[in-house]
Participant: 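I have a structure here, written as structure tokens, and I will follow up with some questions on it.
Numbers here simply count residues along the sequence, with the first being 1.
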Amino acid sequence: MSGTLGPEPSDPPTERIAADLATVVGRLSRRLRTASPDSLLTPTQRTVLARLGTEGPATTAALARSEYVRPQSMRLTLGALEERGFVTRSPDPNDGRQSVVSITDSGRATLDAVRAAKHGWLTQALDTELDAAERRTLAEATALLERLVQK
């Protein structure tokens with residue numbers, strides 16, 4: 001063998017790894033969505049609440065940009081969350097023409113319940129389906145995936 005660090009002949013092609021990974025991550029994401037009660041939050045609502053919970057209050061326009069959706073779509077999402085008491089609006093202190101959206105205690109509690117259901121299912125699946133060595137391998141793979149999404 002020469003001094004290169006290319007793929008071994010038995011290594012799967014990178015394109016195959018990418019396709020398989022995308023498929024499995026998609027299936028895992030769908031499975032996690034089914035782990036919490038359907039009526040609690042849509043995926044978009046959960047993402048918006050999570051962002052408000054971690055990053056603090058934001059305008060509709062800022063949320064739309066961060067979620068890569070049109071402001072009109074974000075207004076609909078926020079309207080549904082506000083109707084359920086999960087967010088509240090207040091005047092923007094920097095621009096009186098806009099409002100700032102914040103997560104409420106009820107929104108935070110609902111978000112926590114959704115997260116707990118997902119984490120509970122995943123924790124149980126990891127405990128019952130994988131041995132200690134497999135869990136270590138998955139922990140290493142998780143760190144690699146985190147590195148990929150930071151690009």
Side-chain angles (χ1 to χ4, degrees), residues 1 3-89 100-151:
M1 164 160 267
T4 64
L5 295 176
E8 294 290 322
S10 62
D11 287 347
T14 304
E15 295 83 9
R16 180 50 160 294
I17 296 169
D20 290 350
L21 180 59
T23 298
V24 169
V25 168
R27 289 175 57 203
L28 177 61
S29 180
R30 286 188 297 279
R31 181 60 184 91
L32 285 169
R33 276 196 299 262
T34 67
S36 63
D38 292 335
S39 62
L40 288 181
L41 298 170
T42 68
T44 303
Q45 290 170 347
R46 190 201 65 75
T47 302
V48 169
L49 280 183
R51 185 173 299 279
L52 291 170
T54 58
E55 297 177 10
T59 64
T60 301
L63 287 167
R65 279 191 305 277
S66 64
E67 295 299 317
Y68 303 102
V69 298
R70 293 178 301 145
Q72 298 87 339
S73 298
M74 185 55 66
R75 275 195 284 281
L76 291 173
T77 297
L78 292 172
L81 290 169
E82 188 174 27
E83 189 173 289
R84 296 175 69 189
F86 296 160
V87 299
T88 186
R89 296 176 198 260
V100 175
V101 182
S102 303
I103 190 169
T104 64
D105 289 342
S106 177
R108 195 173 307 281
T110 300
L111 182 59
D112 289 346
V114 168
R115 285 178 174 156
K118 290 175 186 219
H119 292 167
W121 172 82
L122 190 52
T123 298
Q124 181 179 355
L126 292 171
D127 277 342
T128 60
E129 299 298 322
L130 303 179
D131 63 30
E134 289 170 323
R135 286 192 299 273
R136 279 191 299 277
T137 299
L138 190 55
E140 292 169 4
T142 300
L144 293 174
L145 290 171
E146 180 63 29
R147 195 171 87 200
L148 287 177
V149 300
Q150 296 301 322
K151 290 283 179 189

Participant: Under 3.5 Å, which donor-acceptor pairs link side chains of residues 134-146 to any protein atom two or more places apart or in another chain?
Facilitator:
from: Glu134; atom 1: OE1; to: Asp131; atom 2: N; distance (Å): 2.9
from: Arg135; atom 1: NH1; to: Leu130; atom 2: O; distance (Å): 2.5
from: Thr137; atom 1: OG1; to: Ala133; atom 2: O; distance (Å): 3.1
from: Thr142; atom 1: OG1; to: Leu138; atom 2: O; distance (Å): 2.8
from: Glu146; atom 1: OE2; to: Gln150; atom 2: NE2; distance (Å): 2.3

Participant: Run the side-chain donor-acceptor check on residues 66-76: report pairs under 3.5 Å with partners two or more places apart or on a different chain.
Facilitator:
from: Ser66; atom 1: OG; to: Arg51; atom 2: NE; distance (Å): 3.1
from: Ser66; atom 1: OG; to: Ala62; atom 2: O; distance (Å): 3.3
from: Ser66; atom 1: OG; to: Leu63; atom 2: O; distance (Å): 2.9
from: Glu67; atom 1: OE2; to: Arg51; atom 2: NE; distance (Å): 2.7
from: Glu67; atom 1: OE2; to: Arg51; atom 2: NH2; distance (Å): 2.9

Participant: List in chain and number order the residues that pass salt bridge (charged side-chain N to carboxylate O under 4.0 Å, His left out) with Glu82, two or more places apart in sequence or in another chain; answer none if no residue qualifies.
Facilitator: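 Glu82: salt bridge (charged side-chain N to carboxylate O under 4.0 Å, His left out) contacts with Arg89.
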Participant: Please report, to 0.1 Å, the donor-acceptor pairs under 3.5 Å made by any side chain of residues 111-128, with sequence neighbours excluded.
Facilitator:
from: Thr123; atom 1: OG1; to: His119; atom 2: O; distance (Å): 2.7
from: Thr128; atom 1: OG1; to: Gln124; atom 2: O; distance (Å): 2.9

Participant: Output the distance between atom OG1 (Thr14) and atom CG (Leu21), rounded to the nearest 0.5 Å.
Facilitator: 12.0 Å
Participant: Using side chain to side chain contact (heavy atoms under 4.5 Å, CB included) as the criterion, list what pairs up with Ala18, not counting sequence neighbours.
Facilitator: none
Participant: Nearest 0.5 Å, please: how far is OG1 in Thr110 from CZ in Phe86?
Facilitator: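 Here the interatomic distance stands at 3.5 Å.
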Participant: Could you give me the CA-CA distance, side-chain angles and deciding distance for Leu41 and Leu81, then say whether side-chain contact (heavy atoms from CB on, under 4.5 Å) is met?
Facilitator: CA-CA 9 Å; Leu41 298 170; Leu81 290 169; 4.1 Å; yes
Participant: Run the side chain to side chain contact (heavy atoms under 4.5 Å, CB included) test against Ala80 and tell me which residues pass, sequence neighbours left out.
Facilitator: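 Partners of Ala80 by the side chain to side chain contact (heavy atoms under 4.5 Å, CB included) criterion, ordered by chain and then number, come out as Gln45.
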Participant: Please check: side-chain N/O of Thr104 versus main-chain N/O of Thr88, any donor-acceptor pairing under 3.5 Å?
Facilitator: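 No, the answer is negative, given that no donor and acceptor are paired below the 3.5 Å cut-off.
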Participant: Can you see which heavy atom on Leu52 is nearest to which on Val101, and at what distance?
Facilitator: CD2-O, 3.4 Å
Participant: Got a list of side-chain donor-acceptor pairs under 3.5 Å for residues 24-31, not counting sequence neighbours?
Facilitator:
from: Arg30; atom 1: NH1; to: Gly26; atom 2: O; distance (Å): 3.3
from: Arg31; atom 1: NH1; to: Thr34; atom 2: OG1; distance (Å): 2.9

Participant: Mind checking salt bridge (charged side-chain N to carboxylate O under 4.0 Å, His left out) for Arg16 and listing every partner two or more places apart, or none if nothing turns up?
Facilitator: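 Only Asp20 meet the salt bridge (charged side-chain N to carboxylate O under 4.0 Å, His left out) criterion with Arg16.
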